[in-house]
Each structure stands twice: as C-alpha cells, then as structure tokens.
**Q** 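I have a structure I would like to understand better, so I am pasting it below and will then ask my questions one at a time.
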Amino acid sequence: MSETIFEKKLTESVPFPMCVVDQKGKIVGFNSRISDVFIYDEITGSDFFALTGIRIDDLMTAAETDVYRTIERNGKKFRLFSSLNGTAPPSNMLVYFYDITRYESLKETYEEERTCVCIIRIDNYDELIASTLPDMRMQISTQVDKTIRKWASDIRASIINNKSDEYVMYFQHSYLKGMVDSRFAILDEIRQIETEADFPMSLSIGVGNGGETILETEEAASAALDLALGRGGDQAVVKRYNQIDYYGGKLQTVEKTNKGKSRVIAHILRQMIEDAGRIMIMGHTNPDMDCFGAALGMARVCKMQGKEAHIVLDEVNDSLRVIYKQAKESSKYSFISGERAQELAEDDTLLIIVDTHRPGYLTCRPLIDKVGKIAIIDHHRRAADAIRDADLSYIESYASSASELVSEILQYSGRKRALSKLEAEALLGGITIDTNRFAVKTGVRTFEAAAWLRRSGADTTEVKRFFQTDMDAFRVRARSIAAAQLHDNGIATSVCEGYNRDAQIINSQVADELLNIKGVRASFVASRNDAGKTVVSARSLGALNVQVIMEKLGGGGHLTTAGAQVEESPEEVLELIKHIISEEKE
C-alpha cells in the first residue's frame, strides 16, 4: 500500500525522523529528517528489516504493548516508536525515530561514575605473624601495604587500612572492567611475595557494585568477601545486582593450626543441643561415607548430652550398605525418612546439617523451613546459594572432610573415648574417602583426627572393607579407565557406560585413578545415573581449579575435588568442560 496524502502531510510536520511502512515491511514514505538515521539518498521500497534489523512483527507488538526497540545508526542512538494509521486493515505503520544519543551518553557516564566498594583481607594473617620473625614480619607487612596501595593508586581509589589485615577501597565503576580483564592481577603479585612461613601470601577480595546507596554497595562487598573467605581465600568475588563472578582461587586452602574455633563450636553446639526439644541430623542426597560418618558422629555428640537424634535418610547406595546395615542392626540409631522428619519437626527442633550447606543438595529441602534452629558443619567451599540465616555455620574449607570437623568437635564435647567402634570407623572412613586415602587435601589436623579415631577403636582393616565393590561395578570402572582419552593439555576424560545407580561413586573412583597416569593434571569422568541425569566427577592435582569449572555447570566442591549433575549427555558435558578450560587459559 502506498503512502496516503494524510501520511505525507504528517511525515513533514513531525519534528524528528519518521517513515511509513506497509504491511509487507516496505518503506513507502519518509520525511526529510530521516537522513539523520540513514545515509542513503532514496529508501522508498527498501525493506525495513534490512535497514534496521527489526522485523515488522516486532514493530506491531511494540505498537500494541509500548515496548520500545533501540537501534544505533549514523553514529547516533534512536528509540523507535510506532503506531498504526487507519481504522480498517490493512493499514500502514508510522515509525518515529527519537534521538536518545545524549540520554544514553549521560546514562553511561552515570554508570561509569557510580561508586564501587572493595574490601581486601590478608589471608591467614594470624598464622603468618606466628610463623615469621619480627624483622621479616615488618618487611612483609610493608611490601603488602605498598603493593595494595599502588593498586589503589592505579585506579584512583580512596583506600583505608581499617584493620591490620584489612583494607577498604572506594573507586569508580569505570575501573572495574580493567580489574576483571586482568582477572585481578594483584592476586598474583601478592602471591609472589616471599615469606618465612610454609605457605604463600594471598588475599581475599570482595567487590560490591550496583547498590542503590553506598550502604547497599558496602553490604554487597562484605557478602562477596565472605564468599571469597568461605571458598578458601586467594580469590576475588565480584557481586553486582544478582550476578556473582569469581576470579583466582589457585592456592590450596591453608590449614589453621589453632584449634580454638573447634572448641568454641563444640561449646555452642552443646548449648544448642541442650536447649532443643528434638534433634535431627541431615546430609546431602545420595550420601557418601563422609556424610554418613559425620552424621553418626553428631548423633554421638547428642548422646553425650543425654539427647537422642534422628538421622534423616531416604536412600542408601551400595557404598554404604555394609556400614548402614551394621548401624541399623545395632539399634543405637534412629533413622527416619524426610517425610517423617517433616511430620515431627516443631519450633523447638534443632536441625544439624553435615557435609553440605546448599539447600538444593539436602536430603529433604522443605525440612529447613519447618525447624526452629539450624546448625551447619561442612568442609566445602562456600557457594553463593548457601543456606541463609543458620544459627550456627561452621564451614571450614581447609578441612579434608566433614568427618574431620566432627572428630575435632567430639574431642571437645565430653568424655574421652566415648565413641563406639562403629562410629570411629565411620568417621575414619569418611576422612579416608574424601582424601583419596590421605593423598589429597590432607593436613596435620587430618592425621591428628585419624590418630584420635584409631585410638578410639577404629580398625583400618574394617574401614577398608567398607570400600569393597561388587564385580559388576569393578568391570564398569575398569572399562571406563581403559576407554579414557588423554588430551594435550594434561586433561583426561572418560565416559562410564550405561545407567549406574552408584554413578557418582564409580565416577569419582575412575577420576582418582586417572590422576595416577603420568602427565595427567586433571580428570573429568561423566556417566548417567539411574534417574537419567548426567553425573560428573572432577579431580585435579592442584594446577587446575576444578571447582570453578564445576560451578559453571551448577555444581561445586574444592580446588582439587568437585562434581556436578546436569541434564546434557555425558559426551556433551565433557565437550563443554574442554571448552570452559580453553576459555580459562585465554
């Protein structure tokens, strides 16, 4: 349909660029100001989509819903408004181009000048001070202070040293992109500082961005710092609106030599147990030996205070069948389902969560909303979706396992050698499985906990029997190891065949074995479980942070041990992992 006389008069009277588009998306008329948008001399008959990248259907929708589209042409930005001309179809569409270049420039300037808050914490400061001589201590402090202040000067930031181990910086948002592009290079600079301690210097950095007020931005920075510290330090976390990004995290978490916190946690737990009307202990879905051992250990803590605890458990995989049968037949423990736990939960119920701190991983997610108090004991690096408002949160990423943390709590919870033989073996089994038989993430406190459990009656031969697998699982594992692919960058990948009920356990065993191959620095094993989901186990010798990779798949874990569950096929997931690793290298 051609341009009407009314439309022709209208186009010339409008004080900004305008054109008329027919039902086929062809331009049938325009005013003289259209040259501000398009550099072409004649656009009559031209396709509107070809010129703007916007389809006629989108313009129709915009006209009906007041949803505006924006284009950038001729060095300017225009917002498109549209309206239909005529009462009876078919009718032409009037499209107006409103110049918003100055508005967008002002908006961009406003965003670039917004204040970001950065909180910097020196990791393991107390251990560092205790491990160095006074002269060296002063030299290290001076060098760290100089490096941080130079970084602040480079981004024209205001900096305050409000504690001996903490700095607060205020800077413009325009500098944040450079910090992100360099992946917070200051982390590497600080790591190069020589110390007399047996661990390197490192920082934890929390950056807040996008708050409506300075207070909101400071709160975001504080939350980001808590995440960085909870994930083991030596990293930067940027929190902007609802988005959280992680950078760094190349070092193993430094073990704390002082056990004072364990003593304090044990005291607080005793008080919470005494005040509770009912106590429940819950771990993650498809529990492993560490989760089960920690649960039995906490049940013993409750018994020391004269209270019985219910262990919430919906299913038991093959790896736990032997020890679960012994625990069940002893009649010393109360195992209940998640459904039954919800029925029993009351306002005075205490829920002790072990070996996880993420709501989506719990055996019974609704239970946390029905109890009065929550205590968390976990060793995984803190995730962004951690359970909020817990009354006690003991999340220590330096620890090898939840069983190690519970073993230390037990030592400060009452009578010595109060553990039963089964409980001691369950806890030792938990430590053994999470450290890959004391080969990874094992510190002095790990061996001290294992020694205490051995003195409490744990039989190492019996513990080994807990890890025996049947012949079918052994064959699946052997085929997966034989079929593994080795890549040039030191990455080994493999797919376990079929649908395995204990896919998570078999995958982790295969991933551990692949690390024994020369030249392999990280391994990724994927397979389908009996529910049809793809389970991924990731292992590393420390050069590659597998936790960061698994977090991009919705999972988590530690620098050297991590996992995830996804919907894609095992082959697709492994290809995605290789792509993520190549991006990380860039």
Side-chain angles (χ1 to χ4, degrees), residues 1-3 7-85 91-116 155-156 171-183 207 209-212 217 238-245 579 583 586:
M1 181 182 290
S2 61
E3 182 184 23
E7 290 169 345
K8 190 169 185 178
K9 290 182 178 180
L10 179 64
T11 55
E12 292 304 325
S13 64
V14 173
F16 40 81
M18 173 187 172
C19 68
V20 181
V21 183
D22 67 14
Q23 292 294 305
K24 295 180 180 179
K26 303 295 183 180
I27 295 177
V28 295
F30 54 89
N31 64 6
S32 59
R33 295 178 180 82
I34 201 69
S35 59
D36 292 344
V37 184
F38 305 113
I39 60 175
Y40 314 109
D41 294 332
E42 179 60 52
I43 60 172
T44 303
S46 298
D47 185 77
F48 186 82
F49 173 73
L51 289 177
T52 65
I54 300 175
R55 298 185 181 279
I56 190 66
D57 292 341
D58 293 336
L59 276 180
M60 295 286 288
T61 303
E64 297 169 357
T65 62
D66 294 332
V67 176
Y68 308 119
R69 302 295 297 271
T70 301
I71 64 170
E72 187 171 353
R73 292 290 185 278
N74 209 14
K76 298 179 181 180
K77 292 183 179 180
F78 298 91
R79 178 175 291 172
L80 276 61
F81 298 85
S82 57
S83 62
L84 294 173
N85 179 36
S91 59
N92 292 337
M93 179 170 290
L94 308 177
V95 183
Y96 310 92
F97 298 81
Y98 183 66
D99 190 344
I100 59 170
T101 307
R102 291 181 62 187
Y103 167 77
E104 287 295 318
S105 177
L106 182 63
K107 179 182 175 182
E108 185 176 330
T109 301
Y110 168 74
E111 288 294 332
E112 293 298 304
E113 292 181 351
R114 294 188 74 171
T115 301
C116 294
I155 61 173
R156 302 174 65 85
F171 62 94
Q172 289 185 342
H173 175 264
S174 57
Y175 293 100
L176 182 58
K177 184 179 185 301
M179 297 161 70
V180 169
D181 289 344
S182 70
R183 306 190 72 80
V207 178
N209 174 37
E212 292 296 325
T217 306
V238 180
K239 191 175 190 300
R240 37 192 159 190
Y241 305 105
N242 293 324
Q243 180 182 343
I244 298 176
D245 297 303
H579 178 68
E583 284 187 336
E586 295 174 2

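This one's a predicted model, so the numbers in the text were calculated from it and none came from an experiment. Residue indices begin at 1 and follow the sequence shown.
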**Q** Please report the shortest heavy-atom distance between F171 and V207, naming the atom on each side.
**A** CZ-CG1, 4.2 Å

**Q** I'd like to check V20 versus L94 (side-chain heavy atoms, cut-off strictly below 4.5 Å). Are they in contact?
**A** yes

**Q** Can you confirm whether D47 sits close enough to K26 that some side-chain heavy atom of one is under 4.5 Å from a side-chain heavy atom of the other?
**A** yes

**Q** Supply the atom-to-atom distance F38 CZ to I27 CD1, rounded to the nearest 0.5 angstrom.
**A** 5.5 Å

**Q** Not counting sequence neighbours, which residues clear salt bridge (Lys or Arg N to Asp or Glu O under 4.0 Å) with D36? List them please.
**A** none

**Q** Would you give the length of the straight line joining atom OG of S82 to atom CZ of F97, rounded to the nearest 0.5 angstrom?
**A** 10.0 Å

**Q** With sequence neighbours excluded, tell me which residues meet salt bridge (Lys or Arg N to Asp or Glu O under 4.0 Å) with K77.
**A** none

**Q** Has R114 got a side-chain atom pairing as donor or acceptor with G211's backbone, closer than 3.5 angstrom?
**A** yes

**Q** Starting at CE of M179, measure out to CG of D181 and round the result to the nearest 0.5 Å.
**A** 11.0 Å

**Q** Evaluate the side chain to side chain contact (heavy atoms under 4.5 Å, CB included) criterion for residues Y96 and L80: first the C-alpha distance (whole Å), next the side-chain angles of each, then the deciding distance (0.1 Å), finally the verdict.
**A** CA-CA 6 Å; Y96 310 92; L80 276 61; over 6 Å; no

**Q** Carefully, step by step, assess I54 and I71 under the rule side chain to side chain contact (heavy atoms under 4.5 Å, CB included).
**A** CA-CA 9 Å; I54 300 175; I71 64 170; 3.6 Å; yes

**Q** Check this for me: Y175, atom OH, are more than 12 non-hydrogen atoms of other residues, nucleotides or ligands nearer than 6.0 Å?
**A** yes

**Q** Between S182 (side chain) and G178 (backbone), is there a donor-acceptor pair under 3.5 Å?
**A** yes

**Q** How many angstroms lie between NZ in K107 and CD in E112, if you round to the nearest 0.5 Å?
**A** 12.5 Å

**Q** Where the side chain of R73 meets the backbone of T52, is there a donor-acceptor pair that is under 3.5 Å apart?
**A** yes

**Q** If you measure from CD1 on I43 to CG on L51, what distance do you get to the nearest 0.5 Å?
**A** 6.0 Å

**Q** Start with the C-alpha distance between F78 and R69, add both sets of side-chain angles, then the distance that settles side chain to side chain contact (heavy atoms under 4.5 Å, CB included), and finish with yes or no.
**A** CA-CA 9 Å; F78 298 91; R69 302 295 297 271; over 6 Å; no

**Q** Rounded to the nearest 0.5 Å, what separation is found between the CD atom of Q172 and the CZ atom of R156?
**A** 8.0 Å

**Q** Do T217 and T115 touch side chain to side chain, with heavy atoms closer than 4.5 Å?
**A** no

**Q** Ignoring hydrogens and angles, tell me if any N or O in the side chain of N209 forms a donor-acceptor pair with the backbone of R240 under 3.5 Å.
**A** no

**Q** Are P17 and F30 side-chain neighbours, meaning at least one heavy-atom pair lies under 4.5 Å?
**A** no

**Q** Under the ring pair (Phe, Tyr, Trp, His ring centres under 6.0 Å) rule, collect the residues that match up with F48, sequence neighbours excluded.
**A** none

**Q** Given 3.5 Å as the limit, does a donor-acceptor pair link the side chain of N74 with the main chain of K76, or not?
**A** no

